[in-house]
Student: 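The structure's right below; bear with me while I get my questions together.
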Amino acid sequence: MKFKILLAVLIATTFSIPTSNAAETGWRYWGYFQAAPGATKWTPAMTGPTVNVADGSVEGWAFTFSSDAIPDAKAPKIAPSFSTICGKTKAIAGKKRVAVMVDFGSAVLRPKGESTPRLIQKCVVADKSALGIDVLGAAVKVRAEGSGFICGINGYPAKECGVEMKTPKDYLKK
(Lines give C-alpha, C1' and ligand atoms only; values in the text may rest on other atoms or scores of the structure.)
Protein backbone atom coordinates (compact mmCIF):
# COMPACT_ATOMS: atom_id res chain seq x y z
CA MET A 1 0.00 0.00 0.00
CA LYS A 2 2.79 2.45 0.92
CA PHE A 3 4.45 1.61 -2.40
CA LYS A 4 1.27 2.55 -4.35
CA ILE A 5 0.98 5.91 -2.52
CA LEU A 6 4.68 6.65 -3.06
CA LEU A 7 4.32 5.75 -6.74
CA ALA A 8 1.25 8.02 -7.12
CA VAL A 9 3.10 10.96 -5.50
CA LEU A 10 6.16 10.35 -7.67
CA ILE A 11 4.07 10.27 -10.86
CA ALA A 12 2.13 13.42 -9.90
CA THR A 13 5.36 15.27 -9.11
CA THR A 14 7.07 14.12 -12.30
CA PHE A 15 4.22 15.30 -14.52
CA SER A 16 3.84 18.70 -12.85
CA ILE A 17 7.51 19.81 -12.99
CA PRO A 18 7.94 20.34 -16.77
CA THR A 19 5.12 22.89 -16.91
CA SER A 20 6.80 25.20 -14.43
CA ASN A 21 10.25 24.74 -15.98
CA ALA A 22 8.98 25.67 -19.45
CA ALA A 23 8.18 29.21 -18.29
CA GLU A 24 11.52 29.63 -16.51
CA THR A 25 13.75 29.77 -19.59
CA GLY A 26 13.73 31.23 -23.07
CA TRP A 27 16.10 32.66 -25.66
CA ARG A 28 17.79 36.02 -26.20
CA TYR A 29 18.57 36.79 -29.82
CA TRP A 30 18.28 39.39 -32.57
CA GLY A 31 14.65 39.81 -33.63
CA TYR A 32 13.90 41.14 -37.11
CA PHE A 33 11.04 43.58 -37.75
CA GLN A 34 9.86 45.54 -40.76
CA ALA A 35 7.73 48.56 -41.56
CA ALA A 36 6.47 49.03 -45.11
CA PRO A 37 6.67 52.48 -46.69
CA GLY A 38 4.37 54.82 -44.73
CA ALA A 39 3.81 52.34 -41.87
CA THR A 40 4.09 53.55 -38.28
CA LYS A 41 4.09 50.18 -36.53
CA TRP A 42 6.56 47.30 -36.57
CA THR A 43 5.62 43.95 -38.09
CA PRO A 44 7.62 40.87 -37.06
CA ALA A 45 9.42 39.50 -40.12
CA MET A 46 8.21 36.00 -40.85
CA THR A 47 11.35 35.20 -42.84
CA GLY A 48 15.00 36.00 -42.42
CA PRO A 49 16.60 39.05 -43.99
CA THR A 50 16.98 37.36 -47.37
CA VAL A 51 13.96 39.23 -48.73
CA ASN A 52 13.82 42.27 -50.96
CA VAL A 53 12.94 45.45 -49.08
CA ALA A 54 11.07 48.32 -50.66
CA ASP A 55 12.34 51.84 -51.17
CA GLY A 56 10.98 53.92 -48.28
CA SER A 57 10.72 51.04 -45.80
CA VAL A 58 12.24 50.71 -42.33
CA GLU A 59 14.16 47.62 -41.22
CA GLY A 60 14.23 47.05 -37.45
CA TRP A 61 16.46 44.84 -35.35
CA ALA A 62 16.01 44.35 -31.61
CA PHE A 63 18.02 42.29 -29.13
CA THR A 64 15.08 40.56 -27.54
CA PHE A 65 13.76 37.58 -25.58
CA SER A 66 11.03 35.03 -26.13
CA SER A 67 9.96 31.67 -24.74
CA ASP A 68 7.01 29.31 -24.78
CA ALA A 69 5.37 31.49 -22.12
CA ILE A 70 6.36 34.76 -23.84
CA PRO A 71 6.14 33.99 -27.58
CA ASP A 72 6.21 37.57 -28.87
CA ALA A 73 9.63 39.15 -29.22
CA LYS A 74 9.75 42.86 -28.39
CA ALA A 75 10.15 45.15 -31.39
CA PRO A 76 12.46 48.17 -31.33
CA LYS A 77 11.21 50.58 -28.65
CA ILE A 78 10.98 53.51 -31.07
CA ALA A 79 8.27 53.46 -33.75
CA PRO A 80 9.50 53.22 -37.33
CA SER A 81 9.78 56.55 -39.14
CA PHE A 82 11.35 56.64 -42.58
CA SER A 83 11.13 60.46 -42.69
CA THR A 84 12.97 60.84 -39.36
CA ILE A 85 15.84 58.54 -40.41
CA CYS A 86 16.06 59.16 -44.17
CA GLY A 87 14.28 62.49 -44.58
CA LYS A 88 17.49 64.41 -45.36
CA THR A 89 18.91 61.75 -47.71
CA LYS A 90 18.18 62.56 -51.35
CA ALA A 91 16.81 59.89 -53.65
CA ILE A 92 19.25 58.59 -56.28
CA ALA A 93 18.11 57.19 -59.62
CA GLY A 94 18.47 53.41 -59.79
CA LYS A 95 18.89 53.10 -55.99
CA LYS A 96 16.58 52.74 -53.01
CA ARG A 97 16.64 54.34 -49.57
CA VAL A 98 15.93 52.13 -46.58
CA ALA A 99 15.94 53.24 -42.96
CA VAL A 100 17.63 50.90 -40.48
CA MET A 101 17.02 50.91 -36.73
CA VAL A 102 19.00 48.71 -34.32
CA ASP A 103 17.77 48.55 -30.71
CA PHE A 104 20.26 46.78 -28.44
CA GLY A 105 17.56 45.85 -25.91
CA SER A 106 17.06 46.29 -22.22
CA ALA A 107 19.77 45.93 -19.59
CA VAL A 108 18.15 42.73 -18.27
CA LEU A 109 19.15 41.00 -21.51
CA ARG A 110 22.74 42.25 -21.55
CA PRO A 111 25.33 39.46 -21.46
CA LYS A 112 27.52 39.53 -18.35
CA GLY A 113 30.51 41.83 -18.69
CA GLU A 114 29.18 43.71 -21.73
CA SER A 115 27.83 47.23 -22.17
CA THR A 116 24.60 47.89 -24.03
CA PRO A 117 25.33 50.07 -27.09
CA ARG A 118 23.17 53.04 -28.04
CA LEU A 119 20.30 52.81 -30.50
CA ILE A 120 21.38 53.09 -34.14
CA GLN A 121 19.28 54.85 -36.78
CA LYS A 122 20.84 55.05 -40.22
CA CYS A 123 19.67 55.68 -43.76
CA VAL A 124 21.11 53.26 -46.30
CA VAL A 125 21.20 53.96 -50.03
CA ALA A 126 21.40 50.59 -51.77
CA ASP A 127 20.96 48.93 -55.15
CA LYS A 128 17.34 48.26 -56.12
CA SER A 129 18.03 44.51 -55.78
CA ALA A 130 19.44 44.74 -52.22
CA LEU A 131 17.99 42.30 -49.71
CA GLY A 132 17.43 42.93 -46.01
CA ILE A 133 20.82 41.41 -45.10
CA ASP A 134 22.57 43.69 -47.64
CA VAL A 135 20.90 46.75 -46.14
CA LEU A 136 21.78 45.67 -42.59
CA GLY A 137 25.39 45.01 -43.66
CA ALA A 138 25.63 48.49 -45.18
CA ALA A 139 24.52 50.04 -41.87
CA VAL A 140 26.42 47.95 -39.28
CA LYS A 141 28.93 45.13 -38.84
CA VAL A 142 27.10 41.78 -38.83
CA ARG A 143 28.19 38.45 -37.29
CA ALA A 144 26.11 35.49 -38.45
CA GLU A 145 26.17 31.69 -38.23
CA GLY A 146 26.68 29.63 -41.36
CA SER A 147 22.90 29.13 -41.46
CA GLY A 148 22.43 32.91 -41.71
CA PHE A 149 21.15 33.34 -38.14
CA ILE A 150 22.22 36.82 -36.96
CA CYS A 151 24.41 36.44 -33.87
CA GLY A 152 25.89 39.89 -33.36
CA ILE A 153 25.44 43.46 -34.58
CA ASN A 154 28.36 45.89 -34.21
CA GLY A 155 30.04 43.41 -31.87
CA TYR A 156 27.03 42.94 -29.57
CA PRO A 157 26.86 40.46 -28.09
CA ALA A 158 30.57 39.80 -28.37
CA LYS A 159 30.54 36.00 -28.64
CA GLU A 160 27.21 34.32 -27.98
CA CYS A 161 24.52 33.43 -30.49
CA GLY A 162 20.90 32.81 -29.49
CA VAL A 163 21.57 31.87 -25.87
CA GLU A 164 19.07 30.14 -23.60
CA MET A 165 18.58 32.01 -20.33
CA LYS A 166 16.26 32.33 -17.35
CA THR A 167 13.21 34.46 -18.07
CA PRO A 168 13.96 38.00 -16.83
CA LYS A 169 11.54 39.09 -14.10
CA ASP A 170 10.69 42.20 -16.16
CA TYR A 171 9.33 39.92 -18.90
CA LEU A 172 7.00 37.86 -16.70
CA LYS A 173 3.34 38.82 -16.94
CA LYS A 174 2.09 40.59 -13.88
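Please read these numbers as outputs of a predicted model, since none were measured by experiment.
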Student: Would you confirm whether T64, through its side chain, and K74, through its main-chain N or O, come within 3.5 Å as a donor-acceptor pair?
Tutor: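 Side chain of T64 to backbone of K74: a pair is present.
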Student: For a 4.5 angstrom cut-off between non-hydrogen side-chain atoms, does I153 reach K141?
Tutor: no
Student: So do the side chains of P44 and M46 get within less than 4.5 Å of each other, counting heavy atoms only?
Tutor: yes
Student: Would you check if E114 and Y156 make a side-chain contact, meaning some heavy-atom pair closer than 4.5 Å?
Tutor: yes
Student: Which atoms form the tightest heavy-atom contact between A75 and A62, and what is the distance?
Tutor: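 Nearest pair, atom of A75 first, then A62: C-CB, 4.0 Å.
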Student: Can you measure from CG (D68) to OG1 (T25) and round to the nearest 0.5 angstrom?
Tutor: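 Here the interatomic distance stands at 8.0 Å.
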Student: Is there side-chain contact between P111 and P157, with heavy atoms separated by less than 4.5 Å?
Tutor: yes
Student: In terms of hydrophobic clustering (I, L, V, M, F, W, Y; side-chain heavy atoms under 4.5 Å; direct or indirect links), are F104 and L119 co-clustered?
Tutor: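 They do not share one cluster, since no chain of ILVMFWY contacts under 4.5 Å joins F104 to L119.
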Student: If I take atom CD1 from residue I150 and atom CD from residue E145, how far apart are they, to the nearest 0.5 angstrom?
Tutor: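 If we round to the nearest 0.5 Å, I150:CD1 and E145:CD are 10.0 Å apart.
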Student: Do the side-chain N and O atoms of T43 and Q34 include a donor-acceptor pair separated by under 3.5 angstrom?
Tutor: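 Checked: T43/Q34 side chains show no N/O donor-acceptor pair below 3.5 Å.
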Student: Do other residues, nucleotides or ligands put more than 12 heavy atoms under 6.0 Å from the NZ atom of K128?
Tutor: yes
Student: For a side-chain contact (heavy atoms from CB on, under 4.5 Å) check, start with the C-alpha distance between Y29 and F65, then their side-chain angles and the critical distance, and finish with the verdict.
Tutor: CA-CA 6 Å; Y29 60 95; F65 176 88; 6.0 Å; no
Student: On a heavy-atom basis, which atom in W42 and which in I78 lie closest, and how many Å separate them?
Tutor: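 Smallest interatomic distance, heavy atoms only, reads NE1-O, 2.9 Å.
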Student: Over 60° means perpendicular and under 30° means parallel, so classify the ring planes of F63 and W30, tilted if in between.
Tutor: tilted
Student: Please name the pair of heavy atoms, one in Q121 and one in M101, separated by the smallest distance, quoted to 0.1 Å.
Tutor: OE1-CE, 3.6 Å
Student: So, do L109 and M165 sit near enough that their side-chain heavy atoms are less than 4.5 Å apart?
Tutor: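 Yes - at least one pair of side-chain heavy atoms lies under 4.5 Å apart.
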Student: Looking at CZ of R143 and SG of C151, how far apart are the two atoms once the value is rounded to the nearest 0.5 Å?
Tutor: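 Reported to 0.5 Å precision, the distance equals 5.0 Å.
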Student: With clusters defined by side-chain heavy atoms of hydrophobic residues (ILVMFWY) lying less than 4.5 Å apart, directly or transitively, does Y32 cluster with I70?
Tutor: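 Yes; Y32 is reachable from I70 via cluster members.
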Student: Taking it one step at a time, do V100 and V135 satisfy side-chain contact (heavy atoms from CB on, under 4.5 Å)?
Tutor: CA-CA 8 Å; V100 176; V135 171; 3.4 Å; yes
Student: Any luck finding a side-chain donor-acceptor pair between T89 and R97 under 3.5 Å?
Tutor: no
Student: Could you give the distance from CH2 (W61) to CZ (F33), rounded to the nearest 0.5 Å?
Tutor: 10.0 Å
Student: Could you tell me the separation between the CZ atom of R110 and the CZ atom of R28, rounded to the nearest 0.5 Å?
Tutor: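 So the gap between those two atoms works out to 10.5 Å.
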Student: Can you see which heavy atom on A138 is nearest to which on V124, and at what distance?
Tutor: CB-CG1, 3.6 Å
Student: Where is the tightest heavy-atom contact between S67 and T167, given as atom of each residue plus distance?
Tutor: OG-OG1, 4.5 Å
Student: Are any non-hydrogen side-chain atoms of L136 and E59 less than 4.5 angstrom apart?
Tutor: no
Student: Report whether V142 and V163 are members of the same hydrophobic cluster (ILVMFWY, side-chain heavy atoms less than 4.5 Å apart, transitive linking).
Tutor: no
Student: Between L131 and N52, what is the shortest heavy-atom contact and its length?
Tutor: CD2-N, 3.6 Å
Student: When you compare the side chain of V140 with that of I120, does any pair of heavy atoms fall below 4.5 Å?
Tutor: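 Yes. Closest side-chain heavy atoms under 4.5 Å.
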Student: Measure the spacing between OG of S129 and NZ of K96 and express it to the nearest 0.5 Å.
Tutor: 7.0 Å
